[in-house]
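Input: a single structure, listed below in structure tokens.
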2 protein chains.
Amino acid sequence: MHDKLLQFQQYLHRAGLKATRQRELIARAFFATTTHVSAEGLYRRVGGRHPRIGLVTVYRTLKLLKDAGLAHERQFGDGRALFEHASSERHHDHIICTECGKITEFASVEIEALQEQVVRRLGFHIQYHKLELYGRCRDCSAAAGKGPGVHAIGVG
Amino acid sequence: MHDKLLQFQQYLHRAGLKATRQRELIARAFFATTTHVSAEGLYRRVGGRHPRIGLVTVYRTLKLLKDAGLAHERQFGDGRALFEHASSERHHDHIICTECGKITEFASVEIEALQEQVVRRLGFHIQYHKLELYGRCRDCSAAAGKGPGVHAIGVG
DNA sequence: AAGAAAGTGAAAACGATTATCAGTATCGAC
DNA sequence: GTCGATACTGATAATCGTTTTCACTTTCTT
């Protein structure tokens with residue numbers, strides 16, 4: 001975790017940017033997260049400890065973290081971006097629970113291989129992809145899945 | 001195509017809503033599209049013929065078309081929604097060209113089967129999914145793919 | 001034809017994100 | 001350490017796509 005902070009600071013230095021107190025606090029807060037955070041969410045986390053940091057600075061720092069290769073930005077169709085650590089983990093996709101919103105990561109070599117096939121067949125040269133599965137997680141299935149078929153779940 | 005218009009009007013009637021001139025024009029324009037349209041795009045198509053229709057009404061009518069089961073709304077991560085016919089076509093996914101923006105549809109039973117497996121393994125009960133592949137289409141590959149490795153393509 | 005109820009468009013409101021700008025902090029040079 | 005160029009900050013305003021509000025108009029049932 002201090003590794004990453006150091007990497008970030010090295011990146012800033014390399015790019016001729018400054019290592020400010022705000023950036024450090026925001027980066028720390030980001031590296032301390034375990035799941036996906038929105039800018040707003042990170043803002044709240046930081047704000048709790050240090051009320052003087054503005055949401056704008058959080059956005060700017062998240063952009064820097066992306067530039068530094070330490071964060072990935074994800075769009076899950078709900079209109080706001082979520083950020084996750086880029087670090088060591090390799091490519092993965094996501095399963096999102098339509099009830100509790102929990103996001104689970106997974107990777108499947110087979111799926112990716114098939115994608116490659118399909119894409120090649122259509123003459124495309126693939127650059128990246130985005131696979132999102134939506135459904136009820138185990139907990140939510142157990143809690144709500146007893147009654148008669150519930151189809152309208154609220155997430156379009 | 002008149003089928004669909006009829007279906008839409010029947011839906012409106014069933015729901016106690018009114019079949020207005022604007023709705024008919026917008027629905028016609030929508031059914032006349034062959035690819036994915038944005039609200040703005042549909043607005044422009046309609047506006048060309050009938051300047052009195054507001055963008056707001058287009059949004060409202062698109063929502064009705066969704067409610068009627070005649071349109072699907074898609075989010076491709078660029079911040080705006082694209083709409084496609086829901087009609088006969090069954091489930092499919094999309095390949096988006098990162099250069100020209102062209103959207104190609106495809107379906108793969110194998111990929112979906114694998115998805116099911118993965119999801120089940122993780123205790124999820126799948127409801128729907130979203131798979132988007134991004135890359136250069138044949139035309140754009142041919143046009144631009146000659147030089148040295150180009151990695152920064154502009155679509156984050 | 002009449003009226004209740006829904007529909008319309010303009011403009012304002014929205015939520016997430018980005019740009020502007022005046023004041024502030026950082027950091028390399030000395 | 002101090003100085004100063006330069007980047008950074010935060011408040012506010014602007015943007016963009018979309019939705020709400022509201023006064024007025026249309027539809028549709030009787």
Side-chain angles (χ1 to χ4, degrees), chain A residues 5 8-27 29-30 36-44 46-47 49-68 71-83 101 155-156, chain B residues 8-27 29-30 36-44 46-47 49-68 71-83 101 154-156:
Chain A
L5 188 58
F8 183 45
Q9 287 168 341
Q10 287 169 345
Y11 166 79
L12 290 174
H13 190 260
R14 246 182 287 125
L17 304 175
K18 291 173 182 171
T20 65
R21 214 151 41 85
Q22 288 92 329
R23 286 180 180 168
E24 179 178 334
L25 285 166
I26 294 166
F30 174 68
H36 299 66
V37 234
S38 63
E40 177 75 30
L42 192 56
Y43 171 62
R44 265 188 263 108
V46 176
R49 304 181 195 166
H50 196 94
R52 302 206 143 273
I53 293 184
L55 177 56
V56 187
T57 302
V58 173
Y59 273 106
R60 284 190 281 230
T61 305
L62 279 169
K63 182 170 284 179
L64 291 174
L65 285 164
K66 280 196 299 178
D67 293 346
H72 277 322
E73 182 175 350
R74 303 268 182 186
Q75 294 288 345
F76 290 112
D78 65 336
R80 79 218 164 112
L82 293 185
F83 298 83
V155 172
Chain B
F8 183 44
Q9 287 169 342
Q10 285 170 346
Y11 166 78
L12 291 174
H13 190 260
R14 245 182 288 124
L17 304 174
K18 291 172 182 172
T20 66
R21 214 152 40 86
Q22 288 92 329
R23 286 179 181 169
E24 179 178 336
L25 284 167
I26 294 166
F30 175 68
H36 298 67
V37 235
S38 63
E40 178 75 30
L42 192 55
Y43 170 63
R44 266 188 262 109
V46 176
R49 303 180 196 167
H50 194 94
R52 302 207 142 273
I53 292 184
L55 177 56
V56 187
T57 302
V58 173
Y59 274 106
R60 284 190 280 230
T61 304
L62 280 169
K63 182 169 285 178
L64 291 174
L65 285 164
K66 281 196 299 177
D67 294 345
H72 277 322
E73 182 176 349
R74 303 268 183 187
Q75 294 288 344
F76 290 112
D78 65 336
R80 79 221 163 110
L82 295 185
F83 297 84
V155 172

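Naming: A, B, ... by sequence-line order, numbering from 1 per chain.
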Return the value, rounded to whole Å, for the distance between atom [atom1] of [X] and atom [atom2] of [N].
{"X": "B:Leu42", "N": "D:dT18", "atom1": "CG", "atom2": "C1'", "value": "15 Å"}
{"X": "A:Asp78", "N": "D:dT19", "atom1": "CG", "atom2": "P", "value": "14 Å"}
{"X": "A:Leu64", "N": "D:dC8", "atom1": "CG", "atom2": "P", "value": "7 Å"}
{"X": "A:Lys66", "N": "C:dT17", "atom1": "NZ", "atom2": "P", "value": "10 Å"}
{"X": "A:Leu62", "N": "C:dT18", "atom1": "CG", "atom2": "P", "value": "10 Å"}
{"X": "B:Leu55", "N": "C:dT8", "atom1": "CG", "atom2": "P", "value": "13 Å"}
{"X": "A:Arg14", "N": "D:dA7", "atom1": "CZ", "atom2": "P", "value": "18 Å"}
{"X": "B:Leu65", "N": "C:dG7", "atom1": "CG", "atom2": "P", "value": "13 Å"}

Salt bridge (charged side-chain N to carboxylate O under 4.0 Å, His left out) involving A:Asp78 - partner list, sequence neighbours excluded: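 A:Arg80.
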First of B:Gln75 and A:Thr57 reached from the 5' end of DNA chain D, by closest nucleotide: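 Comparing both residues, the 5'-ward one is A:Thr57.
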Residue mapping more 5' on DNA chain D - nearest nucleotide basis, A:Gly16 or B:Glu73: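 Comparing both residues, the 5'-ward one is A:Gly16.
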Counterpart residues, side chain to side chain contact (heavy atoms under 4.5 Å, CB included), relative to A:Lys66 (two or more places apart):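 Expected list: A:Ala71, A:Glu73, A:Phe83.
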By side chain to side chain contact (heavy atoms under 4.5 Å, CB included) - contacts of B:Arg74 (at least two apart):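 B:Arg74 satisfies side chain to side chain contact (heavy atoms under 4.5 Å, CB included) with B:Phe76, B:Glu84, B:His92, B:His94 only.
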A:Phe30: ring-ring contact (aromatic ring centres under 6.0 Å, His included) partners, not counting sequence neighbours: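 Checked A:Phe30 against ring-ring contact (aromatic ring centres under 6.0 Å, His included); matches are A:His85.
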Spatial distance of atom CG (B:Leu62) from atom NE2 (B:His72) [nearest 0.5 Å]: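 If I round to the nearest 0.5 Å, the distance is 13.5 Å.
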OP1 or OP2 of C:dT18 under 4.0 Å from side-chain N/O of A:Tyr59: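 Result: no.
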N/O (side chain, A:Arg23) to phosphate O (OP1/OP2, D:dA7) under 4.0 Å: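 No.
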All side-chain hydrogen bond (donor to acceptor under 3.5 Å, both in side chains) counterparts of B:Glu40, not counting sequence neighbours: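 Once residues adjacent in sequence are excluded, B:Glu40 has no partner under the side-chain hydrogen bond (donor to acceptor under 3.5 Å, both in side chains) criterion.
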Partner residues of B:Gln9 under the side-chain hydrogen bond (donor to acceptor under 3.5 Å, both in side chains) criterion, sequence neighbours left out: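 Partners of B:Gln9 under the side-chain hydrogen bond (donor to acceptor under 3.5 Å, both in side chains) test: none.
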Least distance between heavy atoms, B:Ala27 atom then B:Phe8 atom: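 It is CB-CD2, 3.7 Å.
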Heavy-atom pair with the smallest gap, counting every atom of A:Tyr43 and A:Gly54: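 Smallest heavy-atom distance, with atoms named: CE1-C, 3.7 Å.
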Sugar-phosphate or base contact per nucleotide [nucleotides 25-30 of chain D; S, B, -; heavy atom under 4.0 Å]: --BSS-
Pick out the pairs of N or O atoms, protein on one side and nucleotides 20-22 of chain D on the other, that lie under 3.5 Å.
none

